[in-house]
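Atoms within a ligand are numbered from 1 in the order they appear, just like the ligands themselves. Both backbone and side-chain heavy atoms feed into the values below; hydrogens, waters and symmetry mates do not.
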Amino acid sequence: MLTAEEKQLIPQVWDTVCNKHDGLGAEALERMFFVYPPTKTYFPHFDLHQGSDQVHGHGKKVMAALSNAVKNLDNLSQALSELSNLHAYNLRVDPVNFKLLSQCIQVVLAVNMGKDYTPEVHAAFDKFLSAMSAVLAEKYR
Ligand code: HNI
């Protein structure tokens with residue numbers, strides 16, 4: 001459960017960092033594909049080279065979905081319901097992969113925020129991304 005402080009901190013960081021850099025999603029995806037190559041198997045139809053327009057475009061979609069989640073911290077399950085259906089029924093992404101992408105998102109935040117990536121911010125995003133992953137995986141059974 002996110003604390004009241006974390007519910008304030010997450011939108012603040014989102015507005016100051018994530019909304020200002022539209023490449024953060026692509027940066028996280030590039031890391032995921034590089035560090036965990038099996039994740040590439042879900043994207044056989046994509047050009048996955050560094051700097052790929054497709055990865056950039058997909059990164060923007062992922063960030064937009066996260067933005068929507070940040071606006072609905074009390075209501076994640078409903079806000080992400082369609083996306084959860086898509087990942088479970090159509091894409092059939094193995095839920096372990098959500099953790100891998102979440103880790104890459106954390107690293108990208110850390111790299112971009114430097115010392116502002118405090119333990120409090122780290123903990124808040126860890127909880128938020130775990131909650132997000134749980135919702136994306138909840139239709140699997
Ligand atoms: Ni995911 C499509 C959001 C994790 C594989 N994914 C999307 C779309 C969004 C999205 C948004 C576009 C939906 C649409 O077009 O209607 N994905 C998210 C979020 C997370 C996530 C917020 C976790 C934080 N997706 C993952 C993971 C994988 C993944 C971990 C696999 C490793 N996603 C896909 C694939 C598509 C996709 C594959 C379809 C891409 C395409 O355009 O063909």
Distance-only criterion, 3.5 Å: show the donor-acceptor pairs between side-chain atoms of residues 55-68 and protein atoms not counting sequence neighbours.
{"from": "S67", "atom 1": "OG", "to": "W14", "atom 2": "NE1", "distance (Å)": "2.7"}
{"from": "S67", "atom 1": "OG", "to": "M63", "atom 2": "O", "distance (Å)": "3.4"}
{"from": "N68", "atom 1": "OD1", "to": "N72", "atom 2": "ND2", "distance (Å)": "3.0"}

Taken to the nearest 0.5 Å, the spacing of L109 CG from D116 CG works out to 11.5 Å

Show every donor-acceptor pair shorter than 3.5 Å between a side-chain atom in residues 126-135 and any protein atom, with sequence neighbours excluded, or say none if there are none.
{"from": "K127", "atom 1": "NZ", "to": "M1", "atom 2": "O", "distance (Å)": "3.0"}
{"from": "K127", "atom 1": "NZ", "to": "E6", "atom 2": "OE1", "distance (Å)": "2.9"}
{"from": "K127", "atom 1": "NZ", "to": "E6", "atom 2": "OE2", "distance (Å)": "3.3"}
{"from": "S130", "atom 1": "OG", "to": "D126", "atom 2": "O", "distance (Å)": "2.7"}
{"from": "S133", "atom 1": "OG", "to": "S102", "atom 2": "OG", "distance (Å)": "3.3"}
{"from": "S133", "atom 1": "OG", "to": "L129", "atom 2": "O", "distance (Å)": "2.8"}

Contacts satisfying ring-ring contact (aromatic ring centres under 6.0 Å, His included) that involve residues 78-99 (not counting sequence neighbours) are H87-F98

Identify all pairs of nitrogen or oxygen atoms, one from ligand 1 and one from the protein, separated by less than 3.5 Å, and list them with distances.
{"from": "ligand 1", "atom 1": "6 (N)", "to": "H87", "atom 2": "NE2", "distance (Å)": "3.1"}
{"from": "ligand 1", "atom 1": "17 (N)", "to": "H87", "atom 2": "NE2", "distance (Å)": "3.0"}
{"from": "ligand 1", "atom 1": "25 (N)", "to": "H87", "atom 2": "NE2", "distance (Å)": "3.1"}
{"from": "ligand 1", "atom 1": "33 (N)", "to": "H87", "atom 2": "NE2", "distance (Å)": "3.1"}
{"from": "ligand 1", "atom 1": "43 (O)", "to": "H45", "atom 2": "NE2", "distance (Å)": "2.7"}

Tell me, with the steps shown, if Y117 and Q106 meet side chain to side chain contact (heavy atoms under 4.5 Å, CB included).
CA-CA 9 Å; Y117 188 73; Q106 291 268 26; 2.3 Å; yes

Linking I/L/V/M/F/W/Y whenever their side-chain heavy atoms sit closer than 4.5 Å, directly or via other members, would L80 and Y140 fall into one cluster?
-> yes

